[in-house]
*Asks:* 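If you scroll down you'll find the structure; I have some questions about it.
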Protein chains: 2
Amino acid sequence: MSSRLRLPLPPSAQHDPFKVSCSTCALRQVCLPTGLPAAEVVQLERLVSDRHAVARGAVLFKTGDVFEAIYIVRTGFFKTSTSAEDGRDQVTGFHMAGELLGLDGIYDGAYASQAVALEDSQVCVVPYGRLEDLTREFDRLRRQFHRLMSRELVRDQAMMVLLGSMRAEQRVAAFLINLMRRLRARGFSSSSVVLRMTRDEIGSHLGLTLETVSRTFSRMQEDGVLEVRARELRVLKPRQLLQLVRRAA
Amino acid sequence: MSSRLRLPLPPSAQHDPFKVSCSTCALRQVCLPTGLPAAEVVQLERLVSDRHAVARGAVLFKTGDVFEAIYIVRTGFFKTSTSAEDGRDQVTGFHMAGELLGLDGIYDGAYASQAVALEDSQVCVVPYGRLEDLTREFDRLRRQFHRLMSRELVRDQAMMVLLGSMRAEQRVAAFLINLMRRLRARGFSSSSVVLRMTRDEIGSHLGLTLETVSRTFSRMQEDGVLEVRARELRVLKPRQLLQLVRRAA
DNA sequence: CGCGTCCTTGAACCTTTTCAATTCAGGTGG
DNA sequence: CCACCTGAATTGAAAAGGTTCAAGGACGCG
C-alpha cells in the first residue's frame with residue numbers, strides 16, 4: 001500500500017552486485033549520467049568502480065573527514081547534517097536514490113557535513129580526483145556536473161526561503177510536497193510514504209521542534225489533508241497541501 | 001573614520017577603465033583567479049573582456065533571465081534575492097568585491113535569483129559558455145571553479161543553521177561577524193562599516209522583521225557591544241559579539 | 001513480551017511579530 | 001541655506017506562533 005524507498009535493481013546488477021553498470025541502472029534518469037552520450041556513460045562506469053553498503057544508522061562520512069569521493073545514493077535513504085562546534089546540530093537534507101552526497105567537501109578537502117544512513121543503503125563511490133580528470137576530457141559530463149552543483153545552490157535557496165519566511169504549517173507542507181515529488185520522479189506512489197526519519201529529524205531540518213512537527217501532522221490529519229499513523233503517511237488532498245504553501249505568511 | 005566599500009583600483013585600470021587585467025587587479029587575492037598560475041590568469045583575462053557599470057538600485061539580472069554570464073563584483077555592493085510566485089521575497093545574500101554572482105543560473109539556463117546593486121558598482125562579466133570551454137583546457141581554473149561552487153554550498157549550509165536554529169540576537173551577531181570578516185579580508189577596517197542595506201533587507205536575509213533587527217542593534221548598543229548611528233556601525237567589543245553567537249540556543 | 005525510543009498532547013511561557021506612533025536622516029527645491 | 005518631504009529607523013504595546021516542560025501512550029526491536 002505504501003511506497004518502499006527501494007528501487008528494484010536491473011537484472012545485471014542483481015546477478016553481480018559488485019559490478020557497476022550505469023548504462024543499465026534503474027537510476028540513470030535521475031542520476032549523474034542523465035542525458036550523457038553513451039560514450040561518456042561508459043567512462044563514468046569505469047570510474048565508479050566501487051559500491052559500498054551502509055547499514056542503517058552508520059556514518060558514511062563525517063565533518064572533517066578527508067574528502068576523497070562523492071557518493072551517489074543507489075538504494076536507501078540518508079540524512080546529512082552539520083555539527084557546529086557549540087553542539088548546534090542541524091539536518092541540512094534528506095537524500096534518496098540518485099542524489100549526490102559530499103559536494104561540500106570539494107571546497108577545502110574535508111567534508112563540511114555528516115551523512116548517516118536512515119535505512120540499510122548502498123552508495124556508488126565516485127573518487128573525486130578521477131572525476132576531476134574525467135571532466136577535463138568529457139564536455140557533457142563536465143557540464144552535467146556543473147549543472148548538478150548549481151541545482152544544489154538553487155535548492156539551498158529554496159530552503160532558505162522556507163526557513164526564513166514560512167510558518168510551521170507551510171514548512172511542513174512544503175517538506176511533504178518536495179518529498180512526494182522526488183518519490184514520484186523515482187516511480188513511487190506520490191500519495192503514500194513510510195517516513196524514514198523521526199519527527200525530531202524533520203524538525204531539525206525545518207527549523208522547528210519535534211512537538212511542532214507532530215502537532216502540525218495532527219492538525220493536517222484533523223483537516224483531512226493527511227492520514228498519519230506513526231511513520232506511515234498518506235496525502236489525501238494534494239491540492240489543499242499545495243494551497244497551504246502558497247498562502248502568503 | 002568608517003570603511004568605504006570601494007577598493008582603490010590599480011593604476012593600469014584607472015588609466016584604461018575598459019581594459020580588464022586580472023594580473024594587476026587589487027582583488028586577485030579574493031577573486032576567481034586566486035592561486036592560479038600566471039598562464040591561466042592570462043587566459044582568464046582574455047575571457048573577462050567586458051566590464052559593466054551598475055547604478056545604485058539597478059538590476060543586474062533577475063529571476064528567469066536567460067543565463068549567459070557569471071558576474072564578479074569589482075567595486076560596490078549587491079544584494080541577491082529570490083522572488084517566489086506568491087510574492088514571498090527573501091534576500092539570499094549580500095555580495096562585495098571579488099564575489100561571484102549568478103551561479104544559480106547554470107542549472108537550467110535561467111537565473112533563479114535577482115541581483116540588485118546597493119551602491120554604484122562595477123562587475124566583471126564572465127561569459128559562461130567560454131568559461132566552460134576554458135575549464136576544459138585549464139586544470140587549475142577548473143578546480144578553482146569547482147572549489148568556489150562548493151564554497152557556496154558550505155556557506156548556504158551555514159545560513160541554514162543560522163535560519164533554523166539561532167535566536168534573533170545570535171543571527172544579527174553572526175551576520176555582523178561575517179560581514180566584518182569579509183571586509184577585513186579586503187583590507188577594510190574590521191570594526192567600522194557604513195551599511196549599504198536597510199534594516200528591512202537585513203531582516204529579510206536573517207528571517208527577521210526590520211523591527212527586530214532594529215531592536216537588536218539598540219540592545220547591543222545599550223550593552224556596549226556596538227555603536228550604531230543609522231547606517232554607521234562600529235563594533236566596540238568583538239569578543240563579546242562572538243560570544244553571542246557561540247552561546248547555544 | 002518487555003523495554004526503550006519515538007510520538008502525541010496539554011499548559012505555561014517566551015520570543016518575535018504585528019500594529020501603530022514618533023523620530024530621524026538625507027535629498028530636493030524654493 | 002534652510003525648510004520641507006519622504007523613506008528609513010526607532011520604540012512601545014498587544015497579539016500570535018512556537019518552544020519548553022511534562023506526562024502518557026504507542027510502536028517496534030530484541
Side-chain angles (χ1 to χ4, degrees), chain A residues 2 4 55-57 79 88-91 116 118-120 162-175 193-223 226-233 244 247-249, chain B residues 2 55-57 79 88 90-91 116 118-120 162-173 175 193-223 226-234 244 247-249:
Chain A
S2 60
R4 294 177 54 240
R56 178 166 180 275
K79 71 168 175 181
R88 205 191 305 277
D89 181 80
Q90 179 154 341
V91 173
V116 176
L118 294 183
E119 63 176 327
D120 290 346
L162 183 149
L163 291 168
S165 72
M166 289 189 187
R167 305 214 161 298
E169 193 173 53
Q170 299 176 309
R171 296 186 195 194
V172 173
F175 165 72
V193 208
V194 175
L195 299 177
R196 310 271 55 129
M197 71 292 275
T198 65
R199 304 287 192 262
D200 196 20
E201 288 163 336
I202 296 173
S204 171
H205 185 45
L206 301 180
L208 301 170
T209 59
L210 66 97
E211 291 94 334
T212 300
V213 174
S214 177
R215 275 187 252 268
T216 305
F217 278 164
S218 296
R219 174 118 56 93
M220 287 177 171
Q221 178 158 247
E222 283 170 31
D223 297 348
L226 293 184
E227 192 180 302
V228 188
R229 195 165 53 203
R231 303 262 181 117
E232 233 168 297
L233 209 141
L244 285 179
R247 187 148 56 214
Chain B
S2 61
R56 179 167 180 275
K79 71 167 175 182
R88 206 192 303 277
Q90 180 155 341
V91 173
V116 175
L118 294 183
E119 63 175 327
D120 291 345
L162 183 149
L163 291 168
S165 72
M166 290 190 186
R167 305 213 160 297
E169 192 173 52
Q170 299 175 308
R171 295 187 196 194
V172 172
F175 165 73
V193 206
V194 175
L195 299 176
R196 307 259 82 113
M197 70 294 274
T198 66
R199 303 287 192 264
D200 196 22
E201 288 164 335
I202 296 172
S204 171
H205 186 44
L206 302 181
L208 302 170
T209 59
L210 66 96
E211 292 94 333
T212 302
V213 174
S214 177
R215 275 187 252 268
T216 306
F217 277 165
S218 297
R219 173 118 57 93
M220 286 177 171
Q221 179 157 249
E222 282 169 31
D223 296 349
L226 293 185
E227 194 180 299
V228 187
R229 195 164 53 204
R231 304 262 181 114
E232 233 167 298
L233 209 142
R234 194 173 188 179
L244 285 179
R247 188 146 57 215

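Chain letters run A, B, ... following the sequence lines, proteins first, then strands; residues in each count from 1.
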*Asks:* In whole angstrom, give the distance that lies between atom CD of B:E119 and atom C1' of C:dG26.
*Replies:* 17 Å
*Asks:* Determine the contact category for B:L208: base if any of its heavy atoms lies under 4.0 Å from a base atom, sugar-phosphate if only primed atoms, P, OP1 or OP2 are that close, otherwise nothing.
*Replies:* sugar-phosphate
*Asks:* Rounded off to whole Å, could you give me the CE-to-P distance for the A:M166 and C:dT16 pair?
*Replies:* 21 Å
*Asks:* Establish, with yes or no, whether the OP1 or OP2 oxygen of C:dT17 is under 4.0 angstrom from a side-chain nitrogen or oxygen of B:T209.
*Replies:*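 Looking at the OP1 and OP2 atoms of C:dT17, one of them is under 4.0 Å from a side-chain N or O of B:T209.
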*Asks:* Tell me which of B:E222 and A:G207 sits closer to the 5' end of DNA chain D, going by the nucleotide each one is nearest to.
*Replies:* B:E222
*Asks:* Within this structure, what is the CZ-to-P distance between A:R196 and C:dC7, rounded to whole angstrom?
*Replies:*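 After rounding, the gap between these two atoms is 13 Å.
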*Asks:* If you assign B:E211 and A:S218 each to the DNA chain C nucleotide with the nearest heavy atom, which residue ends up on the more 5' nucleotide?
*Replies:* A:S218
*Asks:* Whole Å only: how far is the CZ atom of A:F217 from the P atom of C:dC6?
*Replies:*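 To the nearest whole Å, that distance equals 16 Å.
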*Asks:* Is there a side-chain contact between B:T212 and the phosphate of C:dT16, meaning an N or O under 4.0 Å from OP1 or OP2?
*Replies:*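 It does not, given that no N or O in the side chain of B:T212 lies less than 4.0 Å from OP1 or OP2 of C:dT16.
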*Asks:* So, B:S218 side chain and B:S214 main chain: donor-acceptor pair closer than 3.5 Å or not?
*Replies:*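 Looks like yes, one N/O pair under 3.5 Å.
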*Asks:* Is the backbone of B:V194 close enough, under 3.5 Å, to the side chain of B:R231 for a donor and an acceptor to pair up by distance?
*Replies:*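 A pair under 3.5 Å: no.
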*Asks:* Of all the choices, D:dT20, D:dC27, D:dT10, which nucleotide is nearest to the side chain of A:A230 once you look at every atom?
*Replies:*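 Among D:dT20, D:dC27, D:dT10, the one nearest the side chain of A:A230 is D:dC27.
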*Asks:* Is there a side-chain contact between A:R199 and the phosphate of C:dT8, meaning an N or O under 4.0 Å from OP1 or OP2?
*Replies:* yes
*Asks:* Give a yes/no on whether any side-chain N or O of A:R167 is located under 4.0 angstrom from OP1 or OP2 of C:dT18.
*Replies:*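 Answer is yes, contact under 4.0 Å.
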*Asks:* Does any N or O donor sit under 3.5 Å from an N or O acceptor when you compare the side chain of A:R171 with the base of D:dG18?
*Replies:* no
*Asks:* Please report, rounded to the nearest Å, how far the C1' atom of C:dC6 is from the CG atom of A:L210.
*Replies:* 9 Å
*Asks:* Please determine, for the side chain of B:V228, which listed nucleotide (D:dA9, D:dT10, C:dT18) has the closest atom?
*Replies:*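 Nucleotide nearest to B:V228's side chain: D:dT10.
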*Asks:* Whole angstroms only, please: what is the CG-P distance between A:L195 and D:dC27?
*Replies:* 15 Å
*Asks:* Give a yes/no answer on whether the side chain of B:R231 brings an N or O atom under 4.0 Å of OP1 or OP2 in C:dA25.
*Replies:* no
*Asks:* Indicate yes or no for a side-chain donor-acceptor contact from B:E232 to the backbone of B:R229 under 3.5 Å, with no hydrogens or angles considered.
*Replies:*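 No; judged by distance alone, with no hydrogens or angles, the pair does not exist.
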*Asks:* A:R215 CZ to C:dA11 P: how many Å, rounded?
*Replies:*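 Computing the A:R215:CZ to C:dA11:P distance gives 11 Å.
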*Asks:* May I ask you to decide if B:L206's main-chain N or O and B:R171's side chain share a donor-acceptor pair within less than 3.5 Å?
*Replies:* yes
*Asks:* Just wondering, do A:T216 and A:F175 contact through their side chains at under 4.5 Å, heavy atoms?
*Replies:*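 No, every pair of side-chain atoms sits at 4.5 Å or beyond.
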*Asks:* For D:dA26 and A:R229 - does any side-chain N or O of the residue sit under 4.0 Å from the phosphate oxygens OP1/OP2?
*Replies:*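 The answer is no; no side-chain N or O of A:R229 sits under 4.0 Å from OP1 or OP2.
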*Asks:* Using atom CD of A:E169 as one end and atom C1' of D:dG18 as the other, report the distance to the nearest whole Å.
*Replies:*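 The answer, rounded to whole Å, is 13 Å.
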